[in-house]
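In what follows, chains carry the letters A, B, and so on, assigned in the order in which the sequence lines appear, proteins first and then strands, with residues in each chain numbered from 1.
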Protein chains: 2
Amino acid sequence: MTTELPQGGGFGDPAFLPNTQQGIRRRNLSLVLQAITAHGPLSRAAVATRIGLTRAAVSTLVDELIRAELLVELGPERPGTVGRPGSALTVGERGPVGIGAEIGVDHLAVCAVDLHGKVRARATLESDNRGRPPEPVLKELARLVREVTGASRAAGLRPAGLAVAVPGLVARDSHTVVRAPNLGWSELDLGPFLLDGLPLSVDNEANLGALAELWIGGDPAPQDFVHVSAEIGIGAAVVVGGRLLRGTHGFAGELGHVPVRPEGPACPCGGRGCLEQYAGEEAVLRAAGIPYGEQGIGLLAARAEDGDAQARRALRGAGSALGIALSGAVNLLDPQTVILGGALSRLAPWLLPSLERELARRTADPARPKGGTVTVSRLGSEGPLLGAAHSVVQAVLDDPASVAGAVR
Amino acid sequence: MTTELPQGGGFGDPAFLPNTQQGIRRRNLSLVLQAITAHGPLSRAAVATRIGLTRAAVSTLVDELIRAELLVELGPERPGTVGRPGSALTVGERGPVGIGAEIGVDHLAVCAVDLHGKVRARATLESDNRGRPPEPVLKELARLVREVTGASRAAGLRPAGLAVAVPGLVARDSHTVVRAPNLGWSELDLGPFLLDGLPLSVDNEANLGALAELWIGGDPAPQDFVHVSAEIGIGAAVVVGGRLLRGTHGFAGELGHVPVRPEGPACPCGGRGCLEQYAGEEAVLRAAGIPYGEQGIGLLAARAEDGDAQARRALRGAGSALGIALSGAVNLLDPQTVILGGALSRLAPWLLPSLERELARRTADPARPKGGTVTVSRLGSEGPLLGAAHSVVQAVLDDPASVAGAVR
DNA sequence: CCTATTTCGTCATGCCGATTGACAAATTAG
DNA sequence: CTAATTTGTCAATCGGCATGACGAAATAGG
């Protein structure tokens, strides 16, 4: 029998540490490192007051993190106030990096992100992966990963883990893709292809895209939001208190099947009038008079930009439907913001007016300050890839001892 | 400047403890106590393996908790296996109690709950509080509180705090009722009336009702659920990972204004076709041919029980609308269960069939095991009162040191 | 019945790690 | 230039968990 508390799995879900001496030490290392990554260069004294420890205690923790190359000393701060200026600490340029990978329907991408959140290396490969057998795709991806890890190591960086974003459902705490309809994959264990020494985690791309918003989406990054993307169907990811809500069975975020008009057209899911029937890729393209296919969304964006009335009408309709569905979510969750990500960020200019109108009038509670604001992701289609890499970085921040390893 | 981490407010939200030696001690005391309250009588060894500490460490923690009268030793366990049997520990009968109070539109109630979750004392007063000025109501409530605390002390119990459930909106981390439409109160600070030595917290009754389900609702209690109640409007409380989701502005759970039919009847909130227009008290009573008034719900339940066709039809319709709105929530959140609480639990027999039908067909994802199950609260209208008392108990469990105080 | 085995609770000891208090260093205020 | 303030570090201390051994209390097996 082991502990009863929530056992973290995958990256980004901090593992449970018992309150033993070593556990405390590890947590304190994490607190110091997180304080410094989150709030720019800080002195030891500033860290100490922030996390509630004494300066002396922080000093020893910082020493350990410096030895592990996770922190570097920048030297004396600009003295602004009375007293001896502190010595600024920041995360190292030569420490660990997280490797993120993305398997898209028409591309493969890999990147390395350091503790600063900066992309330090990347590799991309255009290739139509729809219906292709998994083996060659994964071999190509493995090659890209080796390329990026090689470049990272050459730059003095240490890859700390690999996270893969997949357009499909992934079994919790496993490397197995349960089903990825757009790729035509199912029940596929990625471990054999990608496990070469690096810790591996696999997750859904919508989840990772949302986590990217949480970690690098804004300044300050929102902690409670609904992130809507439309890569496969219409997915939403709900982040509450800085934590991704995955749902009891891992199916949270099925915004596409929220009812918009209860007696609307039948949906393959068994319901009627689901959001996907109004704002799904297929429905919108049909309304815009564009054949359903590979380049549909790009074509739609181009036509809307050109002022094509039919395309714009289609997007207005989709925006209204999204607004209706999201007003339910906003009423229920009262999030800080709603973020349009993925392909939706490109279409946002034409979706937003009708979306915001519906949302505003349906969430105008007498006591509510104002209807939740809608923002457009700055990350766009980069979200899942960056989120994957950052999930590895986050795992390092959550437990620096695991990567500092046997450093003295 | 103090710490940056989430600072708990009110009961039930564990305060942040820094990772100092004392902080560890306090957390470990809490872990020991929580393990024992949650999982029946346990031996020291069982607790140790559960929380990941050594038996020796647990021994000292248990000693401290016994000195504080929070734990008692029951003596040797029934030996079932080889080895010396452990000494069973359980929470004391003579320790602290949480005092819960409820201000309803037609009654006042106060109770005392011990660490076992048992009600040890209670006092109730029927009185129509609609539109009554707050002062006399609160004076009566204060009298009931004194009655219950007095009875508790006489029984050797120590009241550890007072939590008040109010049918309205409460400002976060304050004692101030922002507005309680059914009572006709607004901007009222309860502190002056109820602060007599006991720590006070005030919260919305729907929130406390949901927390009651979390703490004493079932065996095992669900950790992720949507709790629907219909005391003022139609409120829902979302519990995720054992934590109540309050929303950025504290307005989470406004299920009543989730759109059911986007072009339906106008709602005072500014939207159209909100759930309240179909399943709100006023709408249902009108559909059932019952005048809107004090005893409306009771009358409705009675008629439905008698087989009144119009009443049953009204409830069927409300059930469908609830099912549609909830299917949105279930698709988005993938909760373990949906709980019908408060007044809805009385009406459940006639709401459930249509509700479950809508819910099942709209959440039948190919990959989803089954549509979320709907359960009816066992607590019924007792939920908020019990939840209030339990929120105090929970605060004790979260930081026993705070109440153990200067014990040796 | 008696012994070996297993598990429990406790004790003395040790060690890890945070706290305490003091100090030199580096800055601003006056 | 002095006083005041803040920083980082050091030595000493102390709190608190780990370790290992012990007696106690049960079962298993001959």
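Residues A:Ile36 and A:Leu89 come closest through the heavy atom pair CG2-O, 3.5 Å. Here the closest non-hydrogen pair linking B:Val403 and B:Ala160 is CG2-CB, 4.1 Å. When every heavy atom of A:Asn19 is checked against every heavy atom of B:Ile24, the shortest pair comes out as O-CG2, 3.8 Å.
We find that B:Arg246 and B:Asp203 are joined by a salt bridge, their nearest charged nitrogen and carboxylate oxygen being less than 4.0 Å apart.
Residue A:Asp63 contributes atom CG, which lies 17 Å from atom P of C:dC16 at whole-angstrom precision. When the C1' atom of D:dG8 is taken as reference, atom CG of A:Leu42 falls 15 Å away, rounded to whole Å. B:Arg27 places its CZ atom 14 Å from the C1' atom of C:dA18, with the value rounded to the nearest Å. Put simply, CD on B:Glu73 is 14 Å from P on C:dC8, counting in whole angstrom units. Computed from coordinates, the A:Leu74 CG to D:dT7 C1' distance equals 16 Å when rounded to whole Å.
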Query raised in the report: Going 5' to 3' along nucleotides 17-27 of chain D, which nucleotides have protein heavy atoms under 4.0 Å from the base (write B), which only from the sugar-phosphate (write S), and which from neither (write -)?
Result: BSB---BBBBS

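Using modelled atom types and a 3.5 Å distance limit, the side chains of B:Glu73 and B:Ser87 yield a donor-acceptor pair.
When the side-chain nitrogen and oxygen atoms of A:Arg78 are compared with OP1 and OP2 of C:dT27, none of them lie within a distance under 4.0 Å.
Here the side chain of A:Ser152 pairs a donor or acceptor atom with the backbone of A:Val148 at under 3.5 angstrom.
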